[in-house]
Amino acid sequence: LSVHNSFKMVSLLLLLTLNLLAPVIATQQDPWTTLQQAEAANVMDVAISGDSKWTVYTVSKTTKSNDGLSPEATTFVQEMSQDDDLKVLSQVKLCESGCDQVVFSPLSNAIAFVENGCAYVSEITSSVQPATVVSPNCGANYSVQHVEWGPDAKSLVYSKQPMIQPPTGTARVVDDDVLIDVITDTHTPLGAFLCQSQIGSGKETCFKSPAKFGGVGMPGWFISCWPFPSHFSVMKNGLVAFTYTKDTYSNNWRNAGVALLNMTDDTSKGVASNTSFQPVTSTTDNILAYVQTDEGNYTWSQNWQVCVVTAGTADPKCYTTSEEMPSLVGFDGQGRLLYTQQRSMSIELWGLELPMGTKVPIQIKTTPLLNGPYVIGGAFRSTSHVTVNLDSDGTTRIGFSMENPNFPQQGFVSKLIDNVAQVVQITDVNQEGANHQFPQWETIQWNSSDGMVIEGILMTPQGFDPKKGKKLPLVVFTHCGPAMAVTATFMGYGSVCARFPLASIVEAGYIVLQPNYRGSTGYGKQFRLANYHDWGGNDYNDVFLGAKHLVDMGYSSLDQITHVGWSYGGYMSALAMGTVKTNFGIDLRAVITGGTLSDLISHTGTTDISNIIKSWAGGYHWDSPALRELMTKNSGIYHIENATAPTLMFHGSDDPRMPISQSFQLHYALKSRGIPVRFLTFPGSGHIPGDPNQILRVWDETLQWVQKYSNVTV
């Protein structure tokens, strides 16, 4: 990768035609392929030093060789000019295999990071110096999970997890729920140790008192696809705020809490329980902030409040954000708590002014290419990848990635002045995607069965206009979750959840609808709660009334609709195949389903989220005949006698979320009824395939199945 000082202006001129507001003009170009989607790079972990002399970012992508596809990640450090434009002067590689947890020293003279399970430090006085290992005995015996600078900036504090393999051939006692290690045949994750090492000493001190809370971090959550590593945060007074879980059972997520370690005397005390996590601390004042569920219990609707503990006070003061699902970033130089949150299709940066609790949006001043909805810092469950650093005078600098459907992810840095961030682009990746003219897209709304307004993204081929009388086949993609959402991410990456190649499907002559049905994030607490006790009820209506809305508008026909989904979207696929004809008059041309949930009843007790089933349903199916009847009514397997659509199925063999038995029973029923069905299982894969060769197979098979069973000409 080469970065030229003038690349920002060149990129701007090349990309202006991608402005969302530009006229739509059909062009002749090669279609966006699934391989191009696989090779499109992600920019992650962008940060800028407090004195603005250095920036760092990681590029993650897939590369192709004779042996197939393989993931690749490289971390770069850039030296920046000290004028107002912050030009890139030079760039070097920091980690060939990609660094994790990259953190600038508070003195801006060194950088700490994790690579291959070890903590390293590199000096960056005049250039980036060779890295030295700071964590002894790492790699083989322990894997470092998270690293931060000590209070004096002369030591590192890090969490490390034991690498323990289970005995082979011995029985395992299942005393609570279905342990993930039983399904995947791996060891149960253990709580991590918290250690400190003076740089250059070669020695470490590991603290014993966090063990009474079960250790540091949330290994049960992490292995269950939860996005927050949420380990710990170091305070300037020598205290360390850390997240813990009392055990690592996957169903015991509600055990998460926050505690404080005093590194001087190795004592720990609890601060918050009731599902508390994401601790962040101020580097200038001894202030601790964390997120806590606002109802005392974890529910699938994920309603979180921000709680703040100030030095010298015993009780936290808690605040609600507008969406009640904040992802904490850190404190700025004005003492505000920065956080990201989703609003509609966008992921935005906000500031919480303390102690009043005023919520202030941060204005991101950037190129016209990012007009309209945008995503800052990544989009998975609003997970933040925004970083904040302070100069000695309190000046705030932030780093983040940014994208929208037509603008591929790039790295940006900014000085934060009051509520305005005037950004500088520091990366120039994804030029192939930047120069591609992707499908038209727009946000649309429709009314559901009870009058609730539902929003979604509609993608159509360049130049398509339903007023001209031409109809196209419609593909409805239902996102996973339900507490997730379709957001304004780059089209070239594919969909949320398994990254289905929606742009490639549209360029093959289809239109695609992505509904944010009730239960989705980004529309407030009440909208997320609206499918409580109603999975497969009105949220199902939301999806297919959106399809009918497009038919009524002249976009497609009731007999030219295909449904695609993974996880909760796969649940919708299974339910739709036997019900949409009766309920909506939709004669599905094809169904594509991955990580499928076909039976709400047999799912209970066989999944790693049985407690969450109870939280949405209000109980278990054995608790009442009415609940058992509801689960039967809203499970696809009990309507399979009405299914007719050719069905393509995917499932990971080691999926703990939706056990593969959910797909086995659906496949058997379809096969028995003589319905065309193709079922692919992926050895060693969990809920969503992580192997790039497996996921490329998903995309290619999906595109072929759509084209085989849904004719382009209507």
Side-chain angles (χ1 to χ4, degrees), residues 30-38 439 459-461 464 470-478 491 494-495 497-514 543-544 547 550-551 555-566 569-570 572-581 584-596 598 636 640 642-651 663 666-682 689 693-714:
D30 292 331
W32 187 251
T33 67
T34 55
L35 181 59
Q36 286 175 303
Q37 177 173 304
M459 300 167 58
T460 58
F464 174 76
K470 171 110 175 141
K471 297 181 180 181
L472 292 179
L474 169 63
V475 174
V476 179
F477 168 77
T478 302
M491 267 190 249
S495 71
C497 313
R499 294 176 56 194
F500 282 104
L502 302 185
S504 298
I505 290 173
V506 175
E507 290 181 359
Y510 300 80
I511 59 178
V512 169
L513 175 65
Q514 303 177 70
V543 171
F544 292 101
L550 291 179
V551 170
Y555 283 83
S556 190
S557 301
L558 290 174
D559 61 351
Q560 285 291 334
I561 298 175
T562 292
H563 187 269
V564 178
W566 197 288
M572 286 287 187
S573 286
L575 181 59
M577 62 178 63
T579 60
V580 292
K581 178 73 171 180
F584 303 105
I586 295 174
D587 189 5
L588 288 172
R589 297 288 294 185
V591 171
I592 299 166
T593 178
T596 307
S598 60
I640 206 66
N642 298 319
T644 59
T647 302
L648 175 63
M649 303 175 61
F650 306 105
H651 219 116
S663 282
L666 182 63
H667 175 256
Y668 186 84
L670 293 171
K671 197 81 171 175
S672 297
R673 296 199 58 249
I675 296 172
V677 59
R678 179 172 170 82
F679 183 19
L680 283 77
T681 65
F682 297 104
N693 298 285
Q694 292 181 349
I695 201 66
L696 182 64
R697 181 73 179 272
V698 169
W699 302 341
D700 287 339
E701 293 267 354
T702 295
L703 190 58
Q704 293 165 13
W705 198 263
V706 169
Q707 292 175 308
K708 180 178 181 179
Y709 288 104
S710 184
N711 298 327
V712 170
T713 303
V714 179

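Computed over heavy atoms, backbone and side chain alike; hydrogens, waters and symmetry mates excluded. Residue numbers run from 1 in the order of the sequence given.
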Review point. Are any of the side-chain heavy atoms of L502 and M491 separated by less than 4.5 Å?
Key: no
Check your understanding: So do the side chains of Y555 and L474 get within less than 4.5 Å of each other, counting heavy atoms only?
Key -> no
Check your understanding: Does the side chain of R678 come within less than 4.5 Å of M649's, by heavy atoms?
Key -> no
Review point. Which distance, rounded to the nearest 0.5 Å, do you find between the OG of S495 and the CZ of F477?
Key: 3.5 Å
Check your understanding: Partners of N642 by side chain to side chain contact (heavy atoms under 4.5 Å, CB included), sequence neighbours excluded?
Key -> none
Practice item. Evaluate the side-chain proximity of I505 to V512: yes if any heavy-atom separation is below 4.5 Å, no if none is. Key: yes
Check your understanding: What distance separates D587 CG from K581 NZ, expressed to the nearest 0.5 Å?
Key -> 4.0 Å
Exercise for review: Compare every heavy atom of V551 with every heavy atom of S557, then report the nearest pair and how far apart it is.
Suggested key: C-CG2, 3.9 Å
Check your understanding: Should L472 and F464 be marked as a side-chain contact (heavy atoms from CB on, under 4.5 Å) after you check the CA-CA gap, both sets of side-chain angles, and the distance that decides it?
Key -> CA-CA 9 Å; L472 292 179; F464 174 76; 3.6 Å; yes
Review point. Which heavy atom of W566 sits nearest a heavy atom of V698, and at what distance?
Key: CZ3-CG1, 4.0 Å
Point to revise | Spacing of Y668 atom OH and I640 atom CD1 [to the nearest 0.5 Å] | key: 13.5 Å
Revision key, fill the gap. Those residues at least two apart in sequence (or on a different chain) that pass ring pair (Phe, Tyr, Trp, His ring centres under 6.0 Å) with W705 are Y709
Point to revise | Heavy-atom side-chain contact between V564 and V476 under 4.5 Å | key: no
Check your understanding: Who passes side-chain hydrogen bond (donor to acceptor under 3.5 Å, both in side chains) against T562, sequence neighbours left out?
Key -> none
Exercise for review: Go through the steps for Q37 and W32 under the test side-chain contact (heavy atoms from CB on, under 4.5 Å), then give the verdict.
Suggested key: CA-CA 7 Å; Q37 177 173 304; W32 187 251; 3.9 Å; yes
Exercise for review: Could you tell me whether the side chain of T647 and the main chain of A645 form a donor-acceptor pair under 3.5 Å?
Suggested key: yes
Check your understanding: Who are the salt bridge (charged side-chain N to carboxylate O under 4.0 Å, His left out) partners of E507, not counting sequence neighbours?
Key -> none
Check your understanding: Taking atom types as modelled, is there a side-chain donor on H563 or S573 under 3.5 Å from an acceptor on the other?
Key -> yes
Check your understanding: Residues two or more places apart in sequence or in another chain: which of them pass side chain to side chain contact (heavy atoms under 4.5 Å, CB included) with K671?
Key -> H667, V677
Point to revise | Distance-minimising heavy-atom pair for L666 and A574 | key: CD2-CB, 4.1 Å
Practice item. Find the distance between CG (L696) and CD (E701) and round it off to the nearest 0.5 Å. Key: 10.5 Å
**Study point:** CZ on F650 to CZ on R697, rounded to 0.5 Å
**Key:** 8.5 Å
**Study point:** Where A503 and P439 come nearest, the two heavy atoms and their spacing
**Key:** O-CG, 4.0 Å
Practice item. Please list, chain by chain and in numerical order, all residues satisfying salt bridge (charged side-chain N to carboxylate O under 4.0 Å, His left out) with R673, sequence neighbours excluded. Key: none
**Study point:** Side-chain heavy atoms of L550 within contact of I561, under 4.5 Å
**Key:** no
Exercise for review: Measure the shortest side-chain to side-chain distance between K471 and Q560 over non-hydrogen atoms and say whether it is less than 4.5 angstrom.
Suggested key: no
Practice item. Grab the two heavy atoms, one from G509 and one from P473, that are nearest each other, plus how far apart they are. Key: O-CD, 3.9 Å
Practice item. Any chance you could measure R589, atom CZ, to L558, atom CG, to the nearest 0.5 Å? Key: 12.5 Å
Check your understanding: Where the side chain of T593 meets the backbone of G570, is there a donor-acceptor pair that is under 3.5 Å apart?
Key -> yes
Check your understanding: Checking side-chain contact (heavy atoms from CB on, under 4.5 Å) for the pair L513/V475: CA distance, chi angles, key distance, verdict?
Key -> CA-CA 6 Å; L513 175 65; V475 174; over 6 Å; no
Revision key, fill the gap. Of all heavy-atom pairs linking W699 and A498, the shortest is NE1-O, 2.8 Å
